[in-house]
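Structure first, commentary second.
Sequence positions, counted from 1, serve as the residue numbers for this chain. Just so you know, these numbers use all the heavy atoms, side chains as well, and skip hydrogens, waters and symmetry mates.
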Amino acid sequence: MEHSKQIRILLLNEMEKLEKTLFRLEQGFELQFRLGPTLQGKSVTLYTNYPYPGEAFNREKFRSLAWENPTEREDDSDKYCKLYLQQSGSFQYYFLQGNEKSGGGYIVVDPILRVGADNHVLPLDCVTLQTFLAKCLGPFDEWESRLRVAKESGYNMIHFTPLQTLGLSRSCYSLADQLELNPDFSRPNKRYSWNDVGQLVEKLKEEWNMLCITDVVYNHTATNSKWIQEHPESAYNLVNSPHLKPAWVLDRALWHFSCDVADGKYREKGVPALIENDQHMNCIRKIMWEDIFPRIQLWEFFQVDVHKAVEQFRRLLTQENRRVAKSDPKEYLKIIQDPEYRRLGCAVDMNIALETFIPHDHGPAAIEECCNWFRKRLEELNSEKQHLTHCHQEQAVNCLLGNVLYERLAGHGPKLGPVTRKHPLVTRYFTFPFEEMAFSTEESMIHLPDKACFLMAHNGWVMGDDPLRNFAEPGSDVYLRRELICWGDSVKLRYGNKPEDCPYLWAHMKKYTEITAAYFQGVRLDNCHSTPLHVAEYMLDAARKLQPNLYVVAELFTGSEELDNIFVTRLGISSLIREAMSAYNSHEEGRLVYRYGGEPVGSFVQPCLRPLMPAIAHALFMDITHDNECPIVHRSAYDALPSTTIVSMACCASGSTRGYDELVPHQISVVAEERFYTKWNPGASPSITGDVNVQSGIIAARCAINRLHQELGAKGFIQVYVDQVDEDIVAVTRHSPSTHQSVVAVSRTAFRNPKTSFYSKEVPQMCIPGKIEEVVLEARTVERNTKPYKKDENSINGMPNMTVELKEHIQLHESKIVKQAGVATKGPNEYIQEIEFENLSPGSVIIFRVSLDPHAQVAVGILRSHLTQFSSHFKSGSLSVDNSNPILKIPFASIASKLTLAELNQVLYRCESEEQEDGGGCYEIPNWSSLKYAGLQGLMSVLAEIRPKNDLGHPFCENLRSGDWMIDYVSGRLISRSGNIAEVGKWLQAMFFYLKQIPRYLIPCYFDAILIGAYTTLLDVAWKQMSSFVQNGSTFVKHLSLGSIQMCGVGKCPCLPLLSPSLRDVPFRLNEITKEKEQCCVSLAAGLPHFSSGLFRCWGRDTFISFRGMLLVTGRYLEARNIILAFAGTLRHGLIPNLLGEGTYARYNCRDAVWWWLQCIQDYCKMVPNGLDILKCPVSRMYPTDDSAPLPAGTLDQPLFEVIQEAMQRHMQGIQFRERNAGPQIDRNMKDEGFSITAGVDEETGFVYGGNRFNCGTWMDKMGESDRARNRGIPATPRDGSAVEIVGMCKSAVRWLLELSKKNIFPYREVRVKRHGKDVTVSYDEWDRKIQNNFEKLFHVSEDPSDPNEKHPNLVHKRGIYKDSYGASSPWCDYQLRPNFAIAMVVAPELFTTEKAWKALEIAEEKLLGPLGMKTLDPDDMVYCGVYDNALDNDNYNLARGFNYHQGPEWLWPIGYFLRAKLYFSKLMGPETAAKTVFLVKNVLSRHYVHLERSPWKGLPELTNENGQYCPFSCETQAWSMAAVLETIYDL
């Protein structure tokens, strides 16, 4: 029924590139790749770099996956490749179509984290992380006492900033040596090593149940790193990056300017050392433009030396026998940048110059004139470069002043004070490891490689830059435009594109990564958005070799989820850091909780096998990161507790930074902070600044909240609801979908300081559904009587005068925050507790544990226990109870197994009009629409739409939550039907008894679970009663076969005439009114919803076109026999009726139904075991003569073979009659002549012919209805004469009867007719030969224009096709290209020459094949119109009132015959053609599969408008459409 293994399906679609889509999976999942509709039937090879089991991952090594086809059938709907995921990381896949790459993407598999001596799993959602600045931990032997604070505060993961030797700036992220442990951690007498760190990390993991991660910094190294001086090629220097020379020149000019300002040299010009106001800023701007830029002339780096270039040009012009190389005429003269960036070092292409500026003779004057033109153009080009440089300079000045403003003037900035050499005007962009010298001397160094290689670019970040672009590479002007927010202590590293580009750097950083991975369980990618992706990929691959379940966290400031996804998918990032500090109010903080994890409360249960949906990155949600400014400064100390609670209630990993819990009232700077963290001391008093304990800050509450966070993650509280109670109060609910227990945390935030801001005393009442079991904790931030905060010199101390009052695990009446709690009922089984607060002051939180009220809890437990028969998912939380309804003790599968397929039609389907016959109707959902079916499929179609999206706001769910109407409708409708159907209804009613006792918000989820269980069981019951082809078939085959159940049913009144009483195995039922037995044979509806009930349900033609697919292929042999015999009983005039009308109201106005009937008898005899027995079955003749009144069943019985012979004989004799009751009472549109019916067989050709131009006796039977367009009573497609498919079916019948007569199975060898008063016999052999000899001669439109068989060569407009008819009253109709010839090809392929047939099929494919159906007319035909609109009445003869029904719209059923014909003849054309055809067929069928899956009717339509567009006038599901597609797959 249900897999317990989690399987995800990823559909591959042509040209679908999903590199920016995140697909997250867990280890232990199976991933199946399946072909989407655009790829089915095509040769697709899928490659992945996910390794073979037990093999190491190699990013560059791809392998192809093998396709598996569980049904081993020819259709591709179930074909898949699979990966069983047992390794974490990022893996790539791509697929080829033939040899062309057609699409691809990445999957990310989460790591499994383990802690403790027993190595138990720590789920990602349980992570509670605390960041420590490593340098503030002090000597290594004191670490444990400082780290213990994290343990005692309930954290289970520690994040260390880098532990390596720091650079001169002492910034935690500027590393002098990536391989060496920071010597600060050692004592003079004791040196510590990485091994010691490793042992501590291991101890924390085993004894403290804590994991440790640390940063990796790949982007830069400290300027004083020894190795960078030895390997300057590892940095962006002026040798390997000469494009930075102009920026370097500007940077040095700014340095000299800064030194001069510091020395007071610019005081006269209005710039003192202490910059204090806008006037000083304006003077800086003035000096830049008037003094500095003119002096350094940056534009020269981009310009040509005009004089030199003109002289060179002059020499070339005057050169004897000079040859000009031809240049591209589209090329024009432009400046070619000097790769070395020397002043005036650029050039132009002299060939282009010589072709552009041509002297009119060789005289000196002409040459001079030419040189002048050239000079003028160069000056223009130089001027353009000067303008561009001017733009760069404008931006540079703006950035420079913005920087000065922030650093020296802004209130929130560092206020650096006077300009000095230590605090220059602006941070330097480049290193300068030489003595100070004059600016002009410095510039000469940029062209001396041994010096220039040490002039290196610093790293930094660029606001709003594209993270995928490296801002130091050529093509970026960030350094020149001063857009870099620069870290002057770090040099940017230059990796190149691969390890060979900078071998030392790659090797060094790989070693650094391996040290980290050897000792830590995870890494934080610092500055991830600026790390080149290929570098991070390479390094993480090395790390995962040592630590396969590496936990990778990163901060991304890309500004877009799509860009985030590129990093997450390529690097396999486990969690992205998200900051609560980015929320500007409590409302936004609540929204972030909802955004970063969990599903809505009351969500649907998703199946284990389901599509893989795009995800957002898993979050590590932090109340504060070590980069954030201090929340106490930005918000208030009172907000620490409520904001932490809100963050910890998120269904994802959570985290904080050391110092937050102790309420340190300033930012702990990663650069400047040199004090040590406090140590854990349980007995310390608040006044001791070097120690902390449970009473310090919010530590006590933090510990309880962290414990709760871990419990909620471990116990599967995956559903989240966030309620913004008022502007400061946020209530977050976490709910367990298996136990239905909830935890509700109510936090009153304090973004504003309560001492200085107004907060209302009135707190809104809160309603909590269910029964409050306990108060998990309540805590308030309070002041205590101690000395106020004073910054300590040695320890990072917090505010001693703030602490929390905390109570844990108390009852409601013990709460100090809750005033009173009343219980209100909302409906019979829903309890709501109304909470009134009295002390919910800003900075307080209260957390409730809530369960369903006991009655509802029992009901859920019983429901879950009965649902376990469908899925093991419901085991947890289930409750076995013996006193439930006895029917629930019977497994649903055994109740369902008693249903027949006809009963399943009533349980699963039946559209509005079918239900109305029984006095019912389909359920209507208010504010939405009616369900398509009254049976379960009607509900399942809607649920299938809303379940994957968890669309709990849908009107369907709203209706379920609002009342029991739909629930009662589902069971009541079935109970009213008695018998086995009522038993299903009673089982549902018994389940619904418990469903009605649970809270309304849970009803959609459990209603869905009950229906899914019942529905899938019923489908299995259906398929078990069908043929082995269906039982072993693909999903597509199985779903098509359900069309047979949709269409075959028994209404209140049987539609079929009664069968002979002497026939065995006829189904009976008791008539509810007369209480007498009556036959209840199923009849086949033509289509839903228009042809489903009453007189218009049953049509001879539709029944028998659908017959093979709907009844024989599906194995419904008894029903098939009964339908053949019932129609046989209505034979009259040698014809089978079209509109059956129970036989008594039958209309014998179609020429083809009898041939479809004969074809079906032939198919029955061939496909059904002992099928030939049907020929002897009794047929109760309703009309033994043409004019007899209808006789009751059993009055006159005949064996079927006699009825068959009569049909053949009557045709050979010739049929001519006028329809009974002719006139408007039976057809309000038909002209009088149309009621005259003729049919017969041509003596010469053996072809069946018939009809006239006023009636339409074939399936293309549209009669004109518009007076306005004057087409009323005129058939659009009379197809009189010999219609090609009827000739084919006649040939098939004659050939078959001939074969049977030779074997003495059919007692007649000929037909006897009267001709000119004499008895004449025509043998079946002779009839067969006549058709064979004449068919291709008269139907094929020869490629040879002078073919003597062609009666109307002037009407031919396509050669190589087969005519649609022969001998039509309007001869041009014969020559129209339509899809009907393919029917003849399938039933009588012997009539066709292979090559000619193939050519005709190719033309049909090119001209008629649409996405789902076949165009009914050649689009080149002048009356073609592909859009059918039956409501349109206008003056257009060809269109009005749907006159073009068969003149272009694309009908589905002919596509089946077209594809089957292609398959048959392709085999005769050779193996290569056959293989190509199989691909075509699969590809066309895949479109039907997609339509079938998406259709709420779960069917295929009658027709579409041109190019597959939806046609509102079509039946939504049509028997012959589904039958034709099913037959095609059967033939495959």
Side-chain angles (χ1 to χ4, degrees), residues 238 241-250 253 288-397 439-449 452 474-477 480-481:
L238 298 194
S241 306
H243 65 284
L244 294 174
K245 285 176 183 175
W248 183 87
V249 168
L250 174 59
M288 289 297 298
W289 284 110
E290 292 179 1
D291 189 357
I292 293 172
F293 289 145
R295 193 166 76 240
I296 59 177
Q297 300 191 344
L298 292 179
W299 50 85
E300 290 187 347
F301 287 99
F302 308 101
Q303 290 181 331
V304 177
D305 184 330
V306 176
H307 178 71
K308 249 168 74 178
V310 171
E311 286 314 306
Q312 184 190 355
F313 180 66
R314 188 190 306 278
R315 279 200 306 281
L316 289 170
L317 273 183
T318 52
Q319 218 173 344
E320 289 296 314
N321 62 34
R322 66 185 174 84
R323 310 227 324 258
V324 179
K326 280 303 269 178
S327 63
D328 183 343
K330 290 199 206 80
E331 285 288 328
Y332 51 88
L333 199 66
K334 57 174 187 269
I335 290 181
I336 299 164
Q337 181 60 50
D338 170 24
E340 287 307 309
Y341 282 79
R342 291 167 296 216
R343 285 185 186 272
L344 302 178
C346 297
V348 293
D349 185 330
M350 283 298 174
N351 280 321
I352 297 176
L354 291 167
E355 280 194 7
T356 311
F357 303 99
I358 304 167
H360 49 79
D361 63 38
H362 295 303
I367 283 176
E368 189 55 44
E369 184 190 19
C370 218
C371 288
N372 287 337
W373 281 112
F374 180 53
R375 177 182 289 109
K376 190 166 179 289
R377 181 69 190 121
L378 288 182
E379 284 163 353
E380 284 169 3
L381 290 173
N382 272 352
S383 157
E384 283 170 19
K385 290 292 182 189
Q386 186 156 1
H387 175 71
L388 187 61
T389 309
H390 182 87
C391 296
H392 293 330
Q393 290 175 168
E394 272 185 332
Q395 176 67 348
V397 173
F439 178 65
S440 52
T441 324
E442 286 178 359
E443 192 182 321
S444 64
M445 294 167 66
I446 68 177
H447 302 303
L448 305 172
S476 163
D477 296 309
L480 178 60
R481 292 161 65 84

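Residues L480 and A396 share a closest heavy-atom pair of O-CB, 3.8 Å. Taking each heavy atom of P359 and C370 in turn, the nearest pair found is N-SG, 3.6 Å. The nearest pair of heavy atoms linking A452 to I446 is CB-O, 3.6 Å. Scanning all heavy atoms of the two residues, the minimum distance from P246 to F302 falls at CG-CZ, 3.8 Å.
Between the side chain of K245 and the main chain of E340, a donor-acceptor pair closer than 3.5 Å is present. Of the possible polar contacts, one joining the R343 side chain to the Q297 backbone as a donor-acceptor pair under 3.5 Å is found. At distances below 3.5 Å, not a single donor-acceptor pair connects side-chain atoms of D477 with backbone N or O atoms of R481.
Using a 4.5 Å heavy-atom cutoff, the side chains of Q337 and I335 are not in contact. Inter-residue side-chain proximity for V348 and F313 is flagged as unmet; no heavy-atom pair is nearer than 4.5 Å. Contact of the R315 side chain with the Q312 side chain is registered, since non-hydrogen atoms from C-beta on lie closer than 4.5 Å. You'll find the side chain of F374 reaches within 4.5 Å of the side chain of L333, heavy atoms only.
With salt bridges taken as basic N to acidic carboxylate O contacts below 4.0 Å, none links E379 and K376.
Side-chain rings of H392 and W299 stay apart, their centers remaining 6.0 Å or farther from each other.
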(request) Apply salt bridge (Lys or Arg N to Asp or Glu O under 4.0 Å) to the pair R314 and E311, showing each step before the final yes or no. (result) CA-CA 5 Å; R314 188 190 306 278; E311 286 314 306; 3.6 Å; yes

(request) Start with the C-alpha gap between M288 and Q393, add the side-chain angles, then the distance that decides, and say whether side chain to side chain contact (heavy atoms under 4.5 Å, CB included) holds. (result) CA-CA 9 Å; M288 289 297 298; Q393 290 175 168; over 6 Å; no

(request) In sequence, state the C-alpha distance, the side-chain angles, and the governing distance for V249 and Y341, and then conclude on side chain to side chain contact (heavy atoms under 4.5 Å, CB included). (result) CA-CA 12 Å; V249 168; Y341 282 79; over 6 Å; no

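Once rounded to the nearest 0.5 Å, the distance linking CZ of F301 with CH2 of W248 reads 9.0 Å. The CG atom of L298 lies 12.0 Å from the CG atom of L388; values are rounded to the nearest 0.5 Å. The structure places CD1 of I367 at 10.5 Å from NE2 of H360, a figure rounded to the nearest 0.5 Å. Here the CG-CG distance, from D338 to D305, works out to 12.0 Å after rounding to the nearest 0.5 Å. Annotation: the span from L238 atom CG to M445 atom CE amounts to 9.5 Å, rounded to 0.5 Å. Between atom CG of residue L244 and atom CG of residue L250 there is a gap of 12.0 Å, rounded to the nearest 0.5 Å.
W289 and H390 have tilted rings, their planes meeting at an angle from 30° to 60° on a 0 to 90° scale.
With C346 as the partner, the side chain to side chain contact (heavy atoms under 4.5 Å, CB included) test is satisfied by one option alone out of V304, I336, L381, N382: V304.
N372 pairs by the side-chain hydrogen bond (donor to acceptor under 3.5 Å, both in side chains) definition with R375, not counting sequence neighbours.
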